[in-house]
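Notes follow the structure.
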Amino acid sequence: IMASRGCPFSCTFCNTPLFWGKQVRYRNPLSVVDEVELLHKRYGINEIFFQDDTFNINHEWAFEILEGLIKRGLNDEMLFKLDCRVNERLITKEFLDMAYKAGVWNIFYGIESGNQKMLDRMKKGITIAEIKRAVKMTHEAGIKTQCSFIVGMPGETVQTLRETDALLNAIKPTRYGWAYFCPFPNTEATNEVIAKGHKRDMDYAEYGYGKVMCRTDELSYEDLERFKGFSV
């Protein structure tokens, strides 16, 4: 389910601002809870992933949904997964405790890199300290974590990959995944790799997260294709 659309942040690789816009538009919390209840009672759905770009961007709105799930007893009959950001002001003990009470078993975090300069270059608006804090607090609240990472963004080097590997080993998410940078049209990062001649000439039909579509200043296409993942 998507209970909201849009994201106010400016990540250079993300097509959400181009697709949905930067103005976040929220559904009525009551209609969201109604939909969850209908899916459960009429169709037997027992788990929902709220795939909003940032479910925890507006706590007042998010709490209305979570409290609604609890009031109708859906937290006792269903499981929920959220897509959230790690920012300190957005991840609080109150939010995590309410999410756990509402039946949230997993929170997805887009981490992207373990190197602060890379995060700053991506305009993620987060710090390594916030990443560690959020994952630790989520686990302490009894909620599992799933973290995603991007390999091959502009600025990526052997050293930045090592630092991402070190962060993964430090935070120990329940699950994690990584993918090569995908150059979505007209994003800031895509415009950069095109200007540098670092984007492979390929048809959009060939696009896919398992393919190396761009190189970096230090890492060639072949270097990136030899990357086999992190050591966690």
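All of these numbers come straight from a predicted model, not from anything done at the bench.
- In terms of modelled atom types and a separation under 3.5 Å, the side chain of Arg25 and the main chain of Gly6 share no donor-acceptor contact.
- For the pair Cys182 and Tyr207, the tightest heavy-atom approach, listed with the atom from each and the gap, is SG-CD2, 3.9 Å.
- Distance check, rounded to the nearest 0.5 Å: CG of Leu30 to CD of Glu64 gives 9.5 Å.
- A continuous path of Ile, Leu, Val, Met, Phe, Trp and Tyr side chains, each step under 4.5 Å between heavy atoms, connects Leu161 with Ile171, placing both in one hydrophobic cluster.
- For the pair Asn115 (side chain) and Met118 (backbone), a donor-acceptor distance under 3.5 Å is present.
- With no hydrogens or angles considered, a side-chain donor-acceptor pair links Ser231 and Asn169 at under 3.5 Å.
- Aromatic rings of Phe227 and Phe230 (six-membered ring for Trp) have centroids within the 6.0 Å cut-off, being under it.
- Look at Arg215 and Glu222 and you find no salt bridge, because none of the NZ, NE, NH1 or NH2 atoms lies under 4.0 Å from a carboxylate O.
- Using a distance-only test at 3.5 Å, with no hydrogens or angles considered, no donor-acceptor pair links the side chain of His40 to the main chain of Asn46.
- Between Val135 and Cys147 there is a side-chain heavy-atom pair separated by less than 4.5 Å.
- The shortest side-chain heavy-atom distance between Arg133 and Glu88 falls under the 4.5 Å cut-off.
- Taking each heavy atom of Asp97 and Ala141 in turn, the nearest pair found is OD1-CB, 4.4 Å.
- In this structure a side-chain-to-backbone donor-acceptor pair under 3.5 Å is missing from Asn87 to Arg89.
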Verdict with supporting geometry, Arg72 and Asp34, salt bridge (charged side-chain N to carboxylate O under 4.0 Å, His left out): CA-CA 10 Å; Arg72 299 196 196 181; Asp34 285 343; 2.7 Å; yes
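- Nearest heavy-atom pair, Lys124 versus Cys11, reported as atom, atom and distance to 0.1 Å: CD-SG, 3.5 Å.
- In this structure, the ring of Trp178 has its center no less than 6.0 angstrom from the ring center of Tyr209.
- Using a 3.5 Å distance cut-off with no hydrogens or angles, the side chains of Lys144 and Thr138 do not pair a donor with an acceptor.
- Gln116 contributes a side-chain N or O that, together with a main-chain N or O of Ile128, makes up a donor-acceptor pair within less than 3.5 Å.
- No continuous path of ILVMFWY side-chain contacts below 4.5 Å connects Met122 to Leu90, so the two sit in separate hydrophobic clusters.
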CA sep, side-chain torsions, deciding dist, call: His59, Thr92, side chain to side chain contact (heavy atoms under 4.5 Å, CB included): CA-CA 10 Å; His59 279 198; Thr92 64; 3.7 Å; yes
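- Relative ring orientation between Tyr176 and Phe149 is described as perpendicular, the plane-to-plane angle rising above 60° on a 0-90° scale split at 30° and 60°.
- The pair Glu67-Lys71 fails the salt-bridge criterion, with no side-chain N (NZ, NE, NH1 or NH2) lying under 4.0 Å from an Asp/Glu carboxylate O.
- The side-chain contact (heavy atoms from CB on, under 4.5 Å) test with Cys214 is passed by exactly one of Ile194, Thr190, Val193: Val193.
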side-chain hydrogen bond (donor to acceptor under 3.5 Å, both in side chains) between His139 and Thr145, worked out: CA-CA 7 Å; His139 290 168; Thr145 55; 2.7 Å; yes
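- Judged by the 6.0 Å distance and 45° axis criteria, Arg85 is not positioned over the aromatic ring of Tyr109.
- Looking only at distances, no side-chain donor or acceptor of Ser4 sits under 3.5 Å from a matching main-chain atom of Tyr26.
- In this structure the side chain of Ile150 reaches within 4.5 angstrom of the side chain of Phe13, judged on heavy atoms.
- Proximity of Glu140 to Leu96: side-chain heavy atoms (C-beta onward) are nowhere separated by under 4.5 Å.
- In this structure, Val24 is a member of the same hydrophobic cluster as Ile126, with clusters built from ILVMFWY side-chain heavy atoms closer than 4.5 Å.
- Residues Leu66 and Val33 fall within the same hydrophobic cluster, defined by Ile, Leu, Val, Met, Phe, Trp and Tyr side chains chained together at heavy-atom separations under 4.5 Å.
- A side-chain donor-acceptor contact under 3.5 Å links Asn75 to the backbone of Lys101.
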Test log, rule side chain to side chain contact (heavy atoms under 4.5 Å, CB included), inputs Lys211 and Glu206: CA-CA 9 Å; Lys211 298 180 180 180; Glu206 300 178 76; 4.0 Å; yes
Test side chain to side chain contact (heavy atoms under 4.5 Å, CB included) applied to Ile91 and Asn56, step by step: CA-CA 8 Å; Ile91 290 295; Asn56 63 331; 3.6 Å; yes
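- Lys123 and Glu112 are not joined by a salt bridge, as no carboxylate oxygen comes within less than 4.0 angstrom of a charged side-chain nitrogen.
- For the pair Leu74 and Val36, the minimum side-chain heavy-atom distance is below 4.5 Å.
- Here the straight-line distance linking atom SG of Cys7 with atom CD1 of Ile57 works out to 6.5 Å at 0.5 Å rounding.
- Residues Ile111 and Ser148 fail the side-chain proximity criterion, which asks for heavy atoms closer than 4.5 Å.
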Residue pair Gln146, Lys81: steps toward the side-chain hydrogen bond (donor to acceptor under 3.5 Å, both in side chains) verdict: CA-CA 10 Å; Gln146 183 174 348; Lys81 180 178 174 181; 2.7 Å; yes
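- More than 12 heavy atoms of other residues, nucleotides or ligands lie within 6.0 Å of OH in Tyr221, so this atom counts as buried by the packing criterion.
- With a 6.0 Å radius and a threshold of 12 heavy atoms from other residues, nucleotides or ligands, Lys199 has its NZ atom above the threshold.
- When atom types are taken as modelled, the side chain of Asn15 and the backbone of Leu18 share no donor-acceptor pair closer than 3.5 angstrom.
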Stepwise side chain to side chain contact (heavy atoms under 4.5 Å, CB included) check, Trp105 with Phe80: CA-CA 6 Å; Trp105 74 275; Phe80 302 95; 5.9 Å; no
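- Asp52 and Ile1 get closest at one heavy-atom pair: OD1-O, 3.8 Å.
- Other residues, nucleotides and ligands contribute over 12 non-hydrogen atoms within 6.0 Å of the NZ atom of Lys196.
- With salt bridges taken as basic N to acidic carboxylate O contacts below 4.0 Å, one links Asp223 and Arg226.
- For the side-chain contact (heavy atoms from CB on, under 4.5 Å) with Val32, the qualifying choice from Arg27, Glu37, Met2 is Arg27, the only one to do so.
- By the 6.0 Å contact criterion, CG on Asp201 is open, its count of non-hydrogen atoms from other residues, nucleotides or ligands being 12 or less.
- Using a 4.5 Å cut-off on side-chain heavy atoms (C-beta onward), Phe63 and Pro29 make no contact.
- For Arg175, the CZ atom is loosely surrounded, since the number of other residues' heavy atoms within 6.0 Å does not exceed 12.
- Put simply, Phe95 and Leu69 are part of the same group of oily side chains (I, L, V, M, F, W, Y) that touch within less than 4.5 Å, one to the next.
- Taking CE of Met213 as the reference point, atom CG of Leu224 lies at 11.5 Å (rounded to 0.5 Å).
- Salt-bridge formation is not detected for the pair Glu77/Lys41: no Lys NZ or Arg NE/NH1/NH2 atom is positioned less than 4.0 Å from an Asp or Glu carboxylate oxygen.
- Using modelled atom types, one side-chain atom of Thr216 and one backbone atom of Leu219 make a donor-acceptor pair closer than 3.5 Å.
- Here the closest non-hydrogen pair linking Thr164 and Gly114 is OG1-N, 2.8 Å.
- Side-chain contact between Leu82 and Phe55 is present, with at least one heavy-atom pair separated by less than 4.5 Å.
- Annotation for Val104 and Ile143: closest pair O-CG1, 3.7 Å, computed over non-hydrogen atoms.
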